[in-house]
Number of protein chains: 2
Amino acid sequence: MAPPIIMKKKITLKQIARELDVSIGTVSKALRDSAEISEDTRKKVQAFAKLYNYRPNNIALSLKNRKTKTIGVIIPEIVHHFFSKVIRGIELVANKRGYNVIVGLSNESFDKEVINMQMLANGSIDGFILSISKETLQQQDYHHFKETINQGMPIVMFDRIVNEIDCDKVIIDDSKGSKNAVTKLLSNGCKSIAIITTKDYVSVGKLRTQGYLDALEDYKMSPETDLILKVDDELVSEDHLESLEREIEGLFKKNKKIDGVFAVNELYAIIAMKVARNLGMKIPEDIQFIGFTDGVLSKHATPSLTTVSQHGQQMGEKAAELLIDNLKREDQEEFYRTIIIETELIERDSTK
Amino acid sequence: MAPPIIMKKKITLKQIARELDVSIGTVSKALRDSAEISEDTRKKVQAFAKLYNYRPNNIALSLKNRKTKTIGVIIPEIVHHFFSKVIRGIELVANKRGYNVIVGLSNESFDKEVINMQMLANGSIDGFILSISKETLQQQDYHHFKETINQGMPIVMFDRIVNEIDCDKVIIDDSKGSKNAVTKLLSNGCKSIAIITTKDYVSVGKLRTQGYLDALEDYKMSPETDLILKVDDELVSEDHLESLEREIEGLFKKNKKIDGVFAVNELYAIIAMKVARNLGMKIPEDIQFIGFTDGVLSKHATPSLTTVSQHGQQMGEKAAELLIDNLKREDQEEFYRTIIIETELIERDSTK
DNA sequence: TGTCAACACGCAAACGTTTTCGTTAAGGAT
DNA sequence: ATCCTTAACGAAAACGTTTGCGTGTTGACA
């Protein structure tokens, strides 16, 4: 037999005031231990408030203080090891510093990115942390970022950024990271290294390709267009990976001498390893692989994949710190910082 | 040379009113196309509002309407394929129905779960969607859920639920799902099937073990304790997987006849496959594997892993629909539903 | 010319806080 | 008895909306 349910709705200052026959202001002051209020009333009010489990209404506070203590995060995708790590980092420091996190997913779509930002920019949050969607990068339409900043709402961008917008940024040195990786392959003795990358409009893809070229140049090797596979991202949506497999298979068959592969993300590397294995190549004896983004796949693949770690959580933490610091210093003069998180080459079994 | 920056701070009804020399109420009504206002002023106000890109302040609306159009999601962990899929589902329908999503991470800790809920329950959100942390399940302290519900804030629980709390729930039939999986192994000819599971306080672990037992019983086989490996979750935190590997290795070595393995999550299955391979067994010829939770690992492992899909995104969608429906019908009489999402056995290369 | 709709708009309350600025009464000093 | 200080509290504004209701003006009609 369930006990009778007594709904204790949230109690407000007004109700406490009425009950105790004092004014609202008095209750408020008493709860904040103001010296203006006599010891007696203070105790009385505090006891009553505790009994009824009073908590100030956040919305009312937000309205009054004109800040919400909430930060908005807009990312292209959440079912993604890197982005979820970033969120974890953001949430960690946000929480520690008394902020909440509200997430919006752009799903790589320009429209959803705009809509989401508008939904949040109308008072719901104090600032944004975001990574730009592919469609936005492709269309190069950044007016929503500009407007948001113009309205006095700070933005911190991470990973997928764009130089055109003036704001705090947290990135990795993509070209340096991939240069390191490719250099590793070279120093491991690779003579013919292929790269599997994305179309150039994805800024990070472009930069990582650049790092590949830089490493080759250091070794006085000239790049061969045949070894550069630019994958059309549209084709690799979720489950249509066969076409990607075929492309990679074509790459290997046309260039039998390939003995090293650098891929700009984890999945491409894993799939390339699978194709290579099916073609009878031994990893890492015949061919070595390095990927980008240290996800769960890299760690548990067979063989485990050597990879460039982006330190997603650290990026998130840093981004949140930048934003909250910015919010604290109540719009004094504006200066924007770009933080570069160091990448790290995690060596596993796919390289010698 | 950058153009001079003109800060267009967000404009309010009051400012429009002052500028156009009408009252605040008139502006509000004009913008909402009230028949009370003359065509002239309506047009004038609307034009002005559009020019200055007026948007009603969400916080003020929340305070007035006493609802925030925001739902709070508390999950144990976000760097996790299943949970991030659920969030994606939640976000999808929430957004479609005009709601925002604010996430809190309990990090499997009781205290953080409580803190997070308190932070959000003070007016910031209209309702919760959550999955209970392991520590909470272990301590069996559910007062924070009860209090929240008592205050009139609806909760929808998913996956990790507890019967003691009266609220909407979205779950899968864990025992049925695992029974199906084990039955599949049996019908594939397995004679000695091991299970790798968790300690019993994790409700889903317990249920999945039960399904394993049920399947055996259907085939008139009696369970052997030697074949049931209950992993202590504490030991498998992130990177300390060696001990798990050793335990599994011990399992295989002690029971040479094992020809089938069912694991209650993806990672355990992947690791078990790795151990088996190192021991020289052929998959699926010598030994077959099935995991639980359809993550990215299952799909891209070699061999790819047959697995019981939980349909995380669908769970999220359903949870959000339950919650929002509940919110719409303005506390009429309360009735709680438990939705069971069907699992699906996704057959891949780790089974015959 | 007086009456009455209809029209167009302003006022004010309400949501729940915090905080500034009164206001009242008591008490001490003169 | 008068003045002043001080302690203790109340009133009200403000944050930005929405909305019910009151009010003034206009025009039509008798």
Side-chain angles (χ1 to χ4, degrees), chain A residues 9-46 48-49 52-70 119-126 151-153 330, chain B residues 9-46 48-49 52-70 121-126 151-153 330:
Chain A
K9 272 272 181 197
K10 292 215 67 63
I11 198 173
T12 69
L13 288 186
K14 189 193 283 193
Q15 297 172 45
I16 299 183
R18 194 185 310 142
E19 213 68 31
L20 262 44
D21 218 37
V22 292
S23 80
I24 296 179
T26 302
V27 177
S28 176
K29 289 171 193 164
L31 289 177
R32 326 193 98 245
D33 262 328
S34 160
E36 247 183 300
I37 306 299
S38 74
E39 175 104 11
D40 270 8
T41 10
R42 247 186 297 162
K43 295 288 179 204
K44 193 174 59 177
V45 171
Q46 289 175 1
F48 192 91
Y52 281 86
N53 194 30
Y54 168 80
R55 307 266 175 222
N57 181 306
N58 253 328
I59 296 294
L61 284 179
S62 295
L63 184 59
K64 178 146 189 45
N65 301 331
R66 280 187 293 179
K67 46 183 141 182
T68 60
K69 288 278 193 175
T70 303
M119 270 194 83
L120 298 182
N122 303 316
S124 301
I125 60 165
D126 295 339
Q151 291 185 350
M153 176 156 307
E330 321 262 351
Chain B
K9 273 270 180 198
K10 291 217 68 64
I11 198 173
T12 69
L13 287 187
K14 190 193 284 195
Q15 298 172 45
I16 300 182
R18 193 186 311 143
E19 213 68 30
L20 261 46
D21 218 38
V22 291
S23 80
I24 297 179
T26 302
V27 177
S28 175
K29 288 171 188 166
L31 290 177
R32 327 192 97 245
D33 261 330
S34 161
E36 246 182 301
I37 306 300
S38 73
E39 175 104 10
D40 270 8
T41 15
R42 247 186 298 162
K43 295 288 178 206
K44 195 174 56 176
V45 169
Q46 288 175 1
F48 191 91
Y52 281 86
N53 194 30
Y54 169 79
R55 309 265 173 220
N57 181 305
N58 254 327
I59 296 293
L61 285 179
S62 295
L63 183 59
K64 177 143 190 46
N65 301 330
R66 276 179 305 167
K67 47 183 143 183
T68 61
K69 288 279 194 173
T70 303
N122 303 316
S124 302
I125 60 166
D126 296 340
Q151 292 186 349
M153 176 157 306
E330 321 261 351

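Side chains included, hydrogens not; waters and symmetry mates left out as well; all remaining heavy atoms used. In what follows, chains are A, B, ... by sequence order, proteins preceding strands, each numbered from 1.
A 4.5 Å side-chain heavy-atom check between B/I11 and B/I16 finds at least one atom pair inside the cut-off.
We find that CD1 of A/I59 is positioned 14 Å from P of C/dT18, with the value rounded to whole Å. Atom NZ in B/K64 sits roughly 16 Å away from atom P in C/dT17 (whole-Å rounding).
A/R55 comes within 4.0 angstrom of sugar-phosphate atoms only, judged by non-hydrogen atoms across all strands, and of no base.
With a cutoff of under 4.0 Å to any heavy atom of chain A, the contacted region of DNA chain D is bounded 5' to 3' by D/dA8 to D/dG16.
For B/Q151, the side chain to side chain contact (heavy atoms under 4.5 Å, CB included) partners at least two apart in sequence or on another chain are A/K10, A/N53. Under the rule for a ring-ring contact (aromatic ring centres under 6.0 Å, His included), A/Y54 has no partner lying at least two apart in sequence or in another chain.
Near DNA chain D, defined here as any heavy-atom distance below 4.0 Å, the residues from residues 11-20 of chain B are B/T12, B/L13, B/K14, listed numerically. Contacts between residues 28-40 of chain B and DNA chain D, counted as heavy-atom distances below 4.0 Å, involve B/S28, B/K29, B/R32, B/E36.
With B/N58 contributing its side chain and A/M119 its backbone, the two residues share a donor-acceptor pair below 3.5 Å. A/N65 contributes no side-chain N or O that, together with a main-chain N or O of A/K67, makes up a donor-acceptor pair within less than 3.5 Å.
Put simply, NZ on A/K9 and CE on B/M153 are 8.0 Å apart, with the number rounded to the nearest 0.5 Å. Within the model, atoms CD1 of A/I59 and NZ of B/K64 stand 14.5 Å from one another, a figure rounded to the nearest 0.5 Å. How far CD1 of B/I24 is from NZ of B/K29: 12.0 Å, rounded to the nearest 0.5 Å. Between the OG1 atom in A/T68 and the CG atom in A/L61 there is a gap of 11.5 Å [rounded to 0.5 Å].
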Exercise for review: Could you go through the side-chain contact (heavy atoms from CB on, under 4.5 Å) check for B/L31 and B/Q46 one step at a time?
Suggested key: CA-CA 6 Å; B/L31 290 177; B/Q46 288 175 1; 4.1 Å; yes
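In terms of heavy atoms, A/S124 sits closest to A/T70 at O-CB, 3.9 Å.
Taking the nucleotide of DNA chain C with the nearest heavy atom to each of B/T41 and B/N65, the more 5' of the two is matched to B/T41.
Considering only side-chain N and O atoms, B/T26 lies nowhere under 4.0 angstrom from the phosphate OP1 or OP2 of C/dC9.
Heavy-atom contacts from other residues, nucleotides or ligands closer than 6.0 Å to CZ of B/F48 number more than 12.
When each of B/I37, B/T41, B/V22 is tested with B/V27 by the rule side-chain contact (heavy atoms from CB on, under 4.5 Å), just one qualifies, namely B/V22.
Comparing the start and finish of the helix from C/dT1-D/dA30 to C/dT30-D/dA1, five pairs each, the helix axis swings through 90°, to the nearest 10 degrees.
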